[in-house]
Amino acid sequence: MTKYFTNKEISRLLEFISAAYEIKNEDKFRILAYQRAAVTIEHLNREVKDYYDEGRLSSIPGVGPSIAQHLDELFKNGDVRHFKEITKGIPPSVLEFINVSGIGPKTAFKLAKELNIWSKKNALDRLKKAAKDKKIEKISSFGKDTQDNILQALLRTRVESENIERMLLPYAYNLFQEIEYFLNKSQYIDEVKALGSLRRKNSTIGDIDLAIKTSNPSKAINYILKFPKIKKVLNQGNKKVTLLLRNNIQIDIRAQDPSEWGSMLQHFTGSKDHNIKLREFARKKGLSLSEYGIKKIKSNKLMKFSNEIDFYQKLGLDYIPPEIREDNGEIEAALSHNLPRLIKLKDIKGDLHLHSSYPIEPSHDLGKSTFEQMIKKANILGYQYLGFSEHNPSQNKHNEADFISILKDKRDYIDKLNYSSSKKYDIKIFNGLEIDIKPDGNLAIPDKALTYLDYAIASIHTNFNINNKAMTNRIIKGLSHPKIKILGHPTGRKIQKREAYEADWDKIFEFCLKNNKALEINSWPERQDLPDTMVKRAIEAGVLLVINSDSHRVNHMDLMKYGVYVAQRGWAEKKDILNTKSTTDIKKFFNLK
DNA sequence: GCCGTTTTCGGCCCGACTGTTTTCAGTCG
């Protein structure tokens, strides 16, 4: 009888084994191997259980014959004998403690032992109490400062566990701009740049990383410390400073000389996985990489780089855009000159998911801006077409005749609009609708009413918790009508609020490819749906995507850029995105004359 | 313990900062 373990549970288990090895002073490369396997599995976009069922556990990167065998045993028996032996004498509380910033395996073990905190339950609360009771400073090799730091870190860990966690990208970006504005006022700071996950345009951001270009780091850092929103300076040296702001956001700032600016950007942009892979690659060429440059290992000679392009070129690589530095094959592609030419915001020629205030008596929320206001904005954005796709009229308040009359009226209105606005703007207006896919897969609108539309988006807004097979069939059935051209916010996830629903995406991709349906990348910051990893999968499957803002008012139309970022992170090129195409091509895709 | 376009054996990313046992281990990114 096989047991089920989630990726997260397996990742935590391997992390615990790694910690146990570290506490026992085992070989550091074995520790590293477990750590790497844990991290890979945490970020895997398929279930480890699927690999097990296929007998391919060791095809997971970082999982070799030994770990594969242990995982095999885990799925078969529910536990692993070898793991039990290793973790013998290691308190489970250690796994809780190492989540606290500043506490690693060794410190965790010592705390657990000296304070006699064994079980996981309430481990952090008990640690906090010990710190408050000044028990930690009495342990040998610990002092008052360490005790204070642990207490402070525990208070922040608390916040994390309450799910306040990570910022959405726009929030992080606005905060960065505020800091940037302040820093740029200093005469000692030549340039300020967002690095880390912010520069890579991750959908969520933990800490804000940024760099300053300066020839006088100590003066520059003194200036930084005057930033008004600082609650606490977490650590401070000659080259970097870590701040905690009043909103509990952590800011890492790194100062570097202009001559080393390029290597520094590369180093601090990450991702960690990308950098590790890059340094391993460099090492094989006898080179060692750091934020200071590229060093020839034999001669110990350091080459400096003022820009990143030269840095990558020195390694024989094409310049890799920050958005795809995730160790997803970009280094190999850069070596063989096969990097994607990522889509840009200016490639976008229109927006096909807009909710106007047109009184359509919808099932969900109506937009707040008029057709005219949105067309005017589209003109400013340089768009060539727009698609209005309000939610379908509510089912329980309307009969078939009502549907037909409402949609016929909207058709007439749009036709007139196309005629009148064509004198003012060169923008084609498409008459769309966003239609609910009901739990049984039927559309929430009578067939006859669909004839008035140019196209429609089908979306799931209710009954998310059905099984994989039922959801897959529901989506495919919902997409089947010829007027349906787009699957809206396909996975249904809301970041930090709702998980994506279960579905067989390979099957859905295949259906879309065969039947000319596009999958949406919804730009709404808390959706960003499809997520980047799914974008990459969809593109590899050959499916066409469309980036939409899902605007409910005029200023939302500026959110398009966040959808473009997701597309970039998923390796999308212009050709992969429907709304980079001309009005004529869109008409063809909609089967219109 | 993992891994391979120099290798199936012999390597394995690199440096900053902190606190304390004051010379370096532990932790982090």
Side-chain angles (χ1 to χ4, degrees), chain A residues 14 17-19 21-23 25-40 57-71 82 86 97-111 136-137 139-150 152-153 195-197 206-211 217 221 233-242 250-256 260 263-264 266-295 297 302 316 327 331-332 335-336:
Chain A
L14 296 176
I17 303 304
S18 166
Y21 274 136
E22 193 158 355
I23 289 162
N25 279 322
E26 257 285 355
D27 171 56
K28 67 173 180 170
F29 295 112
R30 183 178 293 183
I31 296 165
L32 195 64
Y34 273 91
Q35 193 61 48
R36 279 190 179 183
V39 172
T40 315
L57 279 172
S58 54
S59 70
I60 300 170
V63 176
S66 169
I67 295 181
Q69 197 193 335
H70 296 320
L71 293 182
H82 178 63
I86 292 160
F97 291 170
I98 59 179
N99 280 334
V100 179
S101 171
I103 301 183
K106 299 255 170 98
T107 309
F109 182 60
K110 195 153 190 188
L111 285 169
I136 294 179
E137 64 181 42
I139 303 171
S140 81
S141 87
F142 286 72
K144 188 174 181 313
D145 285 354
T146 305
Q147 178 172 270
D148 288 348
N149 288 341
I150 289 176
Q152 289 299 317
L195 301 181
S197 53
D207 304 336
I208 292 184
D209 297 316
L210 62 93
I221 284 179
V233 179
L234 293 178
N235 92 41
Q236 181 191 345
N238 299 324
K239 297 186 159 135
K240 62 188 256 197
V241 54
T242 304
Q250 191 172 311
I251 316 285
D252 291 334
I253 302 176
R254 180 75 189 225
Q256 201 86 349
E260 295 162 337
S263 48
M264 146 74 227
Q266 198 292 316
H267 170 81
F268 225 26
T269 296
S271 64
K272 190 175 178 173
D273 291 342
H274 173 86
N275 280 2
I276 289 175
K277 179 62 90 58
L278 196 67
R279 287 181 203 145
E280 284 171 353
F281 172 79
R283 196 152 246 287
K284 286 173 193 154
K285 292 172 170 268
L287 302 171
S288 168
L289 310 182
S290 77
E291 56 267 54
Y292 301 107
I294 301 179
K295 199 160 64 180
I297 295 173
L302 182 73
D327 188 22
I331 292 171
E332 295 81 349
L335 187 63
S336 59

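Just so it is clear, the structure is predicted and the values come from calculations on it, not from any experiment. In what follows, every chain begins at residue 1, and chains take the letters A, B, ... in the order their sequences are listed.
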**Report entry** Sugar-phosphate, base or nothing in reach of A:I67, heavy atoms under 4.0 Å
**Finding:** sugar-phosphate
**Report entry** Whole-Å C1' distance, B:dC2 and B:dT7
**Finding:** 14 Å
**Report entry** Pairwise P distance, B:dG1 and B:dT6 [rounded to whole Å]
**Finding:** 28 Å
Report task. Would you please confirm or rule out a distance under 4.0 Å between OP1 or OP2 of B:dA16 and any side-chain N or O of A:N235? Result -> no
Requested in this report: Please answer whether the main-chain N or O of A:H267 pairs with a side-chain N or O of A:N275 as donor and acceptor at a distance below 3.5 Å.
Outcome: yes
Requested in this report: Please determine, for the side chain of A:P65, which listed nucleotide (B:dC2, B:dC12, B:dT20) has the closest atom?
Outcome: B:dC2
Requested in this report: Sticking with atom C1', work out how far B:dT27 lies from B:dT20, rounded to a whole angstrom.
Outcome: 15 Å
Requested in this report: Report yes if some heavy atom in the side chain of A:L278 is under 4.5 Å from a heavy atom in the side chain of A:Q266; otherwise report no.
Outcome: yes
Requested in this report: Write down the atom of A:I98, the atom of A:A19, and the distance for their closest heavy-atom approach.
Outcome: CD1-CB, 4.3 Å
Query raised in the report: According to the Watson-Crick and G-U wobble definitions, with both distances under 3.5 Å, which nucleotide is paired to B:dT8?
Result: none
Requested in this report: Provide, to the nearest angstrom, the distance between the CZ atom belonging to A:R254 and the P atom belonging to B:dA16.
Outcome: 7 Å
Query raised in the report: Between A:I221 and A:K240, what is the shortest heavy-atom contact and its length?
Result: CD1-N, 4.1 Å
Requested in this report: With sequence neighbours excluded, tell me which residues meet side chain to side chain contact (heavy atoms under 4.5 Å, CB included) with A:K285.
Outcome: A:F281, A:L287
Pick out the pairs of N or O atoms, protein on one side and nucleotides 4-8 of chain B on the other, that lie under 3.5 Å.
none

**Report entry** Pair A:K239 + A:E260, salt bridge at N-O below 4.0 Å
**Finding:** no
Report task. Check A:E22 against A:P105 and note the closest heavy-atom contact, atom names and distance. Result -> OE1-CG, 3.5 Å
Please list, for nucleotides 27-29 of chain B, all pairs of protein and nucleotide N/O atoms separated by less than 3.5 Å.
residue : atom : partner : partner atom : Å
B:dT27  : OP1  : A:G104  : N            : 2.7
B:dT27  : OP1  : A:G104  : O            : 3.0
B:dT27  : OP1  : A:T107  : N            : 2.9
B:dT27  : OP1  : A:T107  : OG1          : 2.5
B:dT27  : O5'  : A:G104  : N            : 3.3
B:dC28  : OP1  : A:G102  : N            : 2.5

**Report entry** Among A:Y34, A:F109, A:F29, ring pair (Phe, Tyr, Trp, His ring centres under 6.0 Å) partner for A:Y21
**Finding:** A:Y34
Query raised in the report: Is any side-chain N or O of A:S290 closer than 4.0 Å to OP1 or OP2 of B:dC14?
Result: no
Report task. Have a look at A:L278 and say if it touches a base, only the backbone sugar-phosphate, or nothing, with a 4.0 Å heavy-atom cut-off. Result -> nothing
Query raised in the report: Between atom CG in A:L302 and atom P in B:dC14, what is the gap in whole Å?
Result: 13 Å
Query raised in the report: For A:I276 and B:dC2, what is the distance between atoms CD1 and P respectively, to the nearest whole Å?
Result: 17 Å
Query - Atom pair distance, as rounded to whole Å: CD1 in A:I17 and C1' in B:dC2 - result: 17 Å
Query - Length of the CD1-P vector between A:I150 and B:dT18, whole Å - result: 16 Å
Report task. Please work out whether B:dT7 sits syn or anti, treating a glycosidic angle within 90° of 0 as syn. Result -> syn
Query raised in the report: Which whole-number value in Å describes the distance from A:L234 CG to B:dT18 P?
Result: 10 Å
Query raised in the report: Roughly how many Å is it from CG in A:N25 to C1' in B:dA25, rounded to a whole number?
Result: 11 Å
Report task. Identify whether any heavy atom of A:D27 sits under 4.0 Å from a base atom; if not, whether one sits that close to sugar-phosphate; answer base, sugar-phosphate or nothing. Result -> base
Query - Separation between the C1' atoms of B:dT18 and B:dT23, rounded to whole Å - result: 14 Å
Query - Residue whose nearest DNA chain B nucleotide is more 5′ - A:H70 or A:T146 - result: A:H70
Report task. Could you tell me whether A:Q69 atom CD has more than 12 heavy atoms of other residues or ligands within 6.0 Å of it? Result -> no
Query raised in the report: Does A:D27 CG have over 12 foreign heavy atoms under 6.0 Å away?
Result: yes
Query raised in the report: So does A:S288 get a side-chain nitrogen or oxygen closer than 4.0 Å to the phosphate oxygens (OP1/OP2) of B:dC14?
Result: yes
Requested in this report: Using atom CE of A:M264 as one end and atom C1' of B:dG15 as the other, report the distance to the nearest whole Å.
Outcome: 13 Å
Query - B:dT8 versus B:dC3 - spacing of their C1' atoms, nearest Å - result: 9 Å
Query raised in the report: Base, sugar-phosphate alone, or nothing: which one does A:K144 contact when heavy atoms must sit under 4.0 Å apart?
Result: sugar-phosphate
Report task. Just do the salt bridge (Lys or Arg N to Asp or Glu O under 4.0 Å) check on A:D148 and A:K144 with the steps written out, would you? Result -> CA-CA 6 Å; A:D148 288 348; A:K144 188 174 181 313; 3.0 Å; yes
